[in-house]
Amino acid sequence: MQPGKAQPKKAQPRKTQPGKAPPKPQAKKSQPKPQAKKSQPRATSTRLGLQAPAGPGRSAAPARPAQSPARSRMARPLPSRPGRPEERQRWLVGIAALVVLIFLVRLVHVQLIEGPSLAEKAQAARTATAVTPAHRGDITDADGKLLATSVDRYKVIGDPVAIKDFRGAARGVEDGALGIAHLLSPILDIPKNELAAQLVGKSRYEVLAKNVVPEVQRAIAALEIRAYVRTDLTSRRIYPSGEVAGSLVGFVNDEQTGQLGIEMAYDDLLAGTAGSDTYERSLDGLRIPAAGQESVPAVPGSDVRLTLVHDVQWKAQDALDEAKRKTGAAYGMAIVQDIRTGEILALADSGSVDPNDRSTAAVADGSRVVKDVFDPGSTGKVITTAAALEGGHWTPESRFSVPDTYTAPNGQTFHDSHDHPVQRLTLTGILAQSSNTGTVQAGEKIPLQERQEYLEKFGFGQPTGLNLPGESVGFMPPDDVADWDGRTQYTVLFGQGLSVNAMQATSVFSTVANGGVRMTPTLFEGSTSPDGTVTPADREPGKRVISEETADTVVEMMETVTEDGGTGTNADIPGYRIAGKTGTAQMPAGNGWTYMASFIGVAPADDPRYTVAVFLKSPKSSIFGGDVAAPVFSDIMGFTLQKMDVPPSEREHRRLRTEW
């Protein structure tokens, strides 16, 4: 060893723990060889604390010891561990198994739990049900003449959503709405652009046309565009007789439901029951032949036969329209009734409407015969006369001194329609002259309770039995006669202080002419079911109101009204004996009053068959029924007697005394 040089230490072997292999020796990094330094000038001073380089004769500074292996290992980062593919595989398998499990659970849920409901929804989506409307029954007159019937019509319906997918190249037309419009326009007679505008949108139900006739429907079906445009069977109500009985027959709405008149009163019989056709269809809307189908046939409605006679109804309406024109009346009403059965041959209004024409609201007005009410006026004196005879209070030739003004015992004063000196009249004469003062004198003997009872027996204040919508039962004084005021107890004797409809007033005369038996008025003769079964109407038995003797006597007394000296001579019909009564009743009108002029009579008086009643509201030529209503009665009754082949009167009239 050379003195002054450090000797390197021998490497000591690293102790290892038992069971562990000794660490492998790591290769030392090669150190760059130091370059030979150039000779530096010798420092002249060491004051800066710099060590002068070793020169000749000086020993070199000891070398910096080498870095320890442990420190070297801590400074360098360890290399990353190599990946393990088996772990990734386990994760992927687990995720895949979870997905499969989810799908399996969902599949089980769909198949076992939701399966039935989904199947039902799917079937419902491809199942269509078409409603088959029932044919509405006909309405005919007594002779089978059509007043109302139904015909098949179709409704054309487009599906704008489906029409978007229409391709018209194969048909030589445009795609979509324009193409469909191009095909339909000439058939429906609708401008192409207008039709195309209806076929664009998000609706699945666009009505393109209504009341399409079968010929047009067949032309649409030939286009084979059922997936885009379909035609649904509907029905249209038509009224072949037009204005004849138009206000009486009524009409139906778009759903073919009766809205007024006979159409509404007998809707249950006429309507029938709609059917249905359920089937499965393909995506293009066509029926799947092999799929299940279920059909419920529609049941047609029954035909309704009325008691009306078409020609008599026409004559009544025509006569009223003529009277309205001549007298300047606001309107007129007329009734023709069969005395023996209560059947109505005509129930007419002036200015009757045509149910085929819905351009005005007049079709919804209904018949005034049962809707309008008014005081019966002097026609009500027939009830007082019958009650006086039936109660034994007077006879037809009982004598009265009749002034034009009369004051009753309770101080109430009454007047006749015109001034006149005191007249010496019998009870028959009082009726023939239509004297108010004479009627009050005759009625004083009739107890108040009897006055009330006879009004009710003759049908006042009660439904007529016609069953027509909108009927008014009128107005009656209080049920308890003790509540009648001092004037009402007398005014009811000559047809004031109460109100009735035209049918109620007419029924009084039919009852008297039928031997005192009141028959319920009716328009319904019977029905015919779809299988041809005829069901006649149920008829209520007649109710006796007065004795036959009293009734016959009153008819004889009413004949004097139409003879010389009576107020109803204009009701005369050559060859027939006529019995009747004139009437002039006040009616409120705004802030004042107007009049209802009337004449109600029966013929032939010797063997009564028919009652005819005529009412004219607010006539301008005259307010008296004998002047304006009696001639109309003569016209209608004369036509009816000839139409129904009623022979002329044969027996001579026993003329009762009217004066003494």
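The cationic atom of Lys643 (NZ for Lys, CZ for Arg) does not lie both less than 6.0 Å from the six-membered ring centre of Phe639 and within 45° of the ring axis. For Arg368 and Tyr331, the positive end sits near the middle of the six-membered ring, less than 6.0 Å away and at most 45° from its axis. Seen from the ring of Tyr576, Arg609 does not count as a face-on cation partner, given the 6.0 Å and 45° thresholds.
Rounding to the nearest 0.5 angstrom, the gap separating the CD atom in Gln452 from the CZ atom in Phe460 is 12.0 Å. Annotation: the span from Gln489 atom CD to Asp485 atom CG amounts to 8.0 Å, rounded to 0.5 Å. Residue Thr520 holds its OG1 atom at 6.5 Å from NZ of Lys543, rounded to the nearest 0.5 Å. Of the inter-residue distances, the one linking Arg358 atom CZ with Asp354 atom CG reads 9.5 Å to the nearest 0.5 angstrom. With rounding to the nearest 0.5 angstrom, the CD atom of Glu444 is 8.5 Å from the CG atom of Asn410. The CD atom of Glu322 sits 10.0 Å away from the OG1 atom of Thr327 when rounded to the nearest 0.5 Å.
Between the side chain of Thr437 and the backbone N or O of Pro403 there is at least one donor-acceptor pair closer than 3.5 Å. Panel note: side chain Asp303, backbone Gly137; no donor-acceptor pair is recorded below 3.5 Å. Ser507 contributes no side-chain N or O that, together with a main-chain N or O of Met503, makes up a donor-acceptor pair within less than 3.5 Å. A donor-acceptor distance shorter than 3.5 angstrom exists from the side chain of Thr307 to the backbone of Ile344, with no hydrogens or angles considered. Of the possible donor and acceptor atoms, one in the side chain of Arg451 sits under 3.5 Å from a partner among the backbone N and O of Gly443. In this structure, Gln317 contributes its side chain and Ala245 its backbone to a donor-acceptor pair below 3.5 Å. Of the possible donor and acceptor atoms, one in the side chain of Thr426 sits under 3.5 Å from a partner among the backbone N and O of Arg657. Not a single donor-acceptor pair under 3.5 Å links the side chain of Thr533 to the backbone N or O of Ser529. Judged by distance alone, with hydrogens and angles left aside, the side-chain atoms of Gln496 form no donor-acceptor pair with the main-chain N or O of Ser378 at under 3.5 Å. Side chain of Thr488 to backbone of Trp484: no donor-acceptor contact under 3.5 angstrom is found.
Ring to ring, Trp394 and Phe400 are close: their centroids are under 6.0 angstrom apart. In this structure, Phe615 has its ring center at least 6.0 angstrom away from the ring center of Phe599.
Checking Arg487 against Gln412 by side-chain atom types alone, a donor-acceptor pair falls below 3.5 Å. A donor-acceptor pair shorter than 3.5 Å can be found between the side chains of Glu263 and Tyr239. Using modelled atom types and a 3.5 Å distance limit, the side chains of Asn501 and Ser472 yield no donor-acceptor pair. Between the side chains of Ser499 and Asp375, no donor-acceptor pair is found at a separation under 3.5 Å. For the residue pair Gln337/Thr611, the side-chain donor-acceptor check at 3.5 Å is not satisfied. Side-chain contact of Thr594 with Ser618: a donor-acceptor pair under 3.5 Å is present, judged by distance alone. Ser247 and Asp349 share a donor-acceptor pair across their side chains, judged by distance under 3.5 Å alone. No hydrogens or angles considered: a donor-acceptor pair under 3.5 Å links the side chains of Ser434 and Lys581. Asp606 and Ser649 are linked by a side-chain donor-acceptor pair at a separation below 3.5 angstrom, with hydrogens and angles left out of the test. Between the side chains of Asp627 and Ser622, at least one donor N or O lies within less than 3.5 Å of an accepting N or O.
Remark: Glu343 engages Arg539 in a salt bridge, criterion side-chain N to carboxylate O under 4.0 Å. Electrostatic pairing of Arg305 and Asp143 does not count as a salt bridge here, judged by no charged N lying under 4.0 Å from a carboxylate O. At a threshold of 4.0 Å, the pair Lys145-Asp138 does not count as salt-bridged, since none of the basic side-chain nitrogens sits closer than that to a carboxylate oxygen.
Taking 4.5 Å as the limit, some side-chain heavy atom of Lys315 sits within range of a side-chain heavy atom of Asp635. By the 4.5 Å heavy-atom criterion applied to side chains, Phe458 and Thr511 are counted as neighbours.
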task = Would you sort out whether Arg340 and Asp607 count as a salt bridge (Lys or Arg N to Asp or Glu O under 4.0 Å), showing the intermediate values?
result = CA-CA 11 Å; Arg340 301 174 182 178; Asp607 185 17; 3.4 Å; yes
message = Determine whether Thr658 and Thr560 satisfy the following criterion, side-chain hydrogen bond (donor to acceptor under 3.5 Å, both in side chains), listing intermediate values before the conclusion.
response = CA-CA 8 Å; Thr658 59; Thr560 62; over 6 Å; no
query = Yes or no on side-chain hydrogen bond (donor to acceptor under 3.5 Å, both in side chains) for Glu390 and Thr550, after CA distance, side-chain angles and deciding distance?
reply = CA-CA 6 Å; Glu390 187 77 0; Thr550 297; 2.6 Å; yes
message = Quick one, Glu471 with Lys371, criterion salt bridge (Lys or Arg N to Asp or Glu O under 4.0 Å). Give me CA distance, side-chain angles, the key distance, then yes/no.
response = CA-CA 5 Å; Glu471 178 179 315; Lys371 186 176 63 174; over 6 Å; no
request  = Verify side-chain hydrogen bond (donor to acceptor under 3.5 Å, both in side chains) between Asp572 and Thr562, making sure each step is shown before the conclusion.
outcome  = CA-CA 6 Å; Asp572 179 61; Thr562 63; over 6 Å; no
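Residue Glu549 qualifies as open at atom CD: its count of foreign heavy atoms under 6.0 Å is 12 or below. Around atom CD of Glu540, no more than 12 heavy atoms belonging to other residues, nucleotides or ligands sit under 6.0 Å away. Within 6.0 Å of CG on Asp564 lie no more than 12 heavy atoms contributed by other residues, nucleotides or ligands. For Asp480, the CG atom is densely surrounded, since the number of other residues' heavy atoms within 6.0 Å is greater than 12. The number of heavy-atom neighbours closer than 6.0 Å to NZ of Lys326, taken from other residues, nucleotides and ligands shown, is 12 or below.
For the residue pair Asp141 and Leu308, the shortest heavy atom distance occurs at CB-O, 3.2 Å. Scanning all heavy atoms of the two residues, the minimum distance from Met557 to Leu656 falls at CG-CD1, 3.6 Å.
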